[in-house]
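Below is one structure; the comments refer to it alone.
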Amino acid sequence: MDRSSVVEISSSSSRKKFCPKDVGNSRQLQSTPGNQSGLKLAFGVHRSPKDAPAKLLRQIDSEAQALAISIAAGHHKLDYIAATVGKSRGYVSRLQNGERPIPEKLVEPLCAATGSNLLRQFIELQAALNEFESQRDQVKRLARLMEAV
């Protein structure tokens, strides 16, 4: 602090020096790049998401339904989920109602925000079933080729 910012205040009993605090551009930032880069969610998530029971997973029909069940089971409001993943309430509502597909990059943040891995488990189950179907189609095609010979 330079001496030009020191102001003497005279009072009847004694003289005091007044030193104003630095503000504006001369103030140093307290955050560092190292402690700000690892945050993926805005706030509120303190525990890792839990896996859903297989019995429940088998009854899910769509990604939107899995998200809706996760939100309802955790007693979360759409505003909380939206703020946690950094999206608008309307966008999360469209994801929940199936009007918009759920982007792959939002699956983990949504699971963390709801506290349930139901959405991720459903997506992985569908991928495994689709792979099984493609293998079965390939087996049928090769069997038909073998019958033709």
Side-chain angles (χ1 to χ4, degrees), residues 1-7 9 16-147:
M1 186 178 318
D2 58 32
R3 293 194 181 255
S4 64
S5 63
V6 176
V7 178
I9 301 174
K16 296 180 182 178
K17 290 186 178 181
F18 174 73
C19 301
K21 294 183 178 181
D22 287 337
V23 293
N25 293 334
S26 64
R27 187 173 60 190
Q28 282 187 322
L29 298 175
Q30 293 182 358
S31 63
T32 62
N35 66 0
Q36 299 296 319
S37 61
L39 299 176
K40 294 189 180 181
L41 300 174
F43 62 88
V45 180
H46 302 291
R47 285 178 250 128
S48 62
K50 304 292 183 221
D51 287 340
K55 185 176 182 179
L56 172 65
L57 182 60
R58 289 191 299 263
Q59 297 177 28
I60 304 297
D61 294 327
S62 67
E63 292 179 11
Q65 186 183 27
L67 178 60
I69 290 170
S70 296
I71 292 171
H75 305 288
H76 300 295
K77 294 185 177 186
L78 281 180
D79 292 326
Y80 170 77
I81 301 297
T84 305
V85 298
K87 299 294 180 184
S88 70
R89 183 184 193 281
Y91 182 74
V92 174
S93 176
R94 287 190 293 276
L95 294 177
Q96 181 183 11
N97 294 329
E99 296 171 13
R100 301 255 339 221
I102 298 175
E104 187 177 328
K105 69 179 183 175
L106 274 185
V107 171
E108 286 304 317
L110 285 169
C111 288
T114 59
S116 170
N117 279 328
L118 181 61
L119 177 60
R120 184 183 50 75
Q121 288 175 287
F122 177 77
I123 291 171
E124 289 174 356
L125 177 64
Q126 293 303 309
L129 289 174
N130 289 340
E131 184 179 321
F132 176 73
E133 287 296 321
S134 64
Q135 287 177 353
R136 188 162 50 170
D137 291 341
Q138 186 178 17
V139 168
K140 285 181 182 179
R141 182 181 58 82
L142 293 173
R144 276 186 262 129
L145 285 174
M146 190 171 167
E147 289 174 357

Problem set entry | CA sep, side-chain torsions, deciding dist, call: Asp137, Arg141, side chain to side chain contact (heavy atoms under 4.5 Å, CB included) | CA-CA 6 Å; Asp137 291 341; Arg141 182 181 58 82; over 6 Å; no
Seminar exercise, completed: So CD of Glu124 and CG of Leu119: to nearest 0.5 Å the spacing works out to 10.0 Å
Problem set entry | Lys87 side chain near Ile81 side chain, heavy-atom distance below 4.5 Å | no
Seminar exercise, completed: In this structure, CG of Asn117 is separated from CG of Leu57 (nearest 0.5 Å) by 10.5 Å
Problem set entry | Distance, nearest 0.5 Å, that separates CD1 of Ile123 from CD1 of Ile102 | 6.0 Å
Seminar exercise, completed: Between the CD atom in Glu108 and the CG atom in Leu110, the distance rounded to the nearest 0.5 Å is 9.5 Å
Exercise. Is the closest side-chain heavy-atom distance between Leu106 and Leu95 below 4.5 Å?
Worked result: yes
For this session: Looking only at non-hydrogen atoms, find the nearest pair between Ala64 and Asn97 and report the distance.
Result: CB-C, 4.2 Å
Identify each donor-acceptor pair in which a side-chain atom of residues 67-76 lies under 3.5 Å from a protein atom, sequence neighbours left out, and give them as a table.
from  : atom 1 : to     : atom 2 : distance (Å)
Ser70 : OG     : Ala66  : O      : 2.9
His76 : NE2    : Thr114 : O      : 3.2

For this session: For residues Leu129 and Gln126, determine if any side-chain heavy atom of one lies less than 4.5 Å from a side-chain heavy atom of the other.
Result: yes
Exercise. For the atom pair CD (Gln96) and CZ (Arg89), what is the distance rounded to the nearest 0.5 Å?
Worked result: 9.0 Å
Seminar exercise, completed: Rounded to the nearest 0.5 Å, the CG atom of Leu78 sits from the OH atom of Tyr91 at a distance of 13.5 Å
Exercise. More than 12 foreign heavy atoms under 6.0 Å from CD of Glu104: is that the case here?
Worked result: no
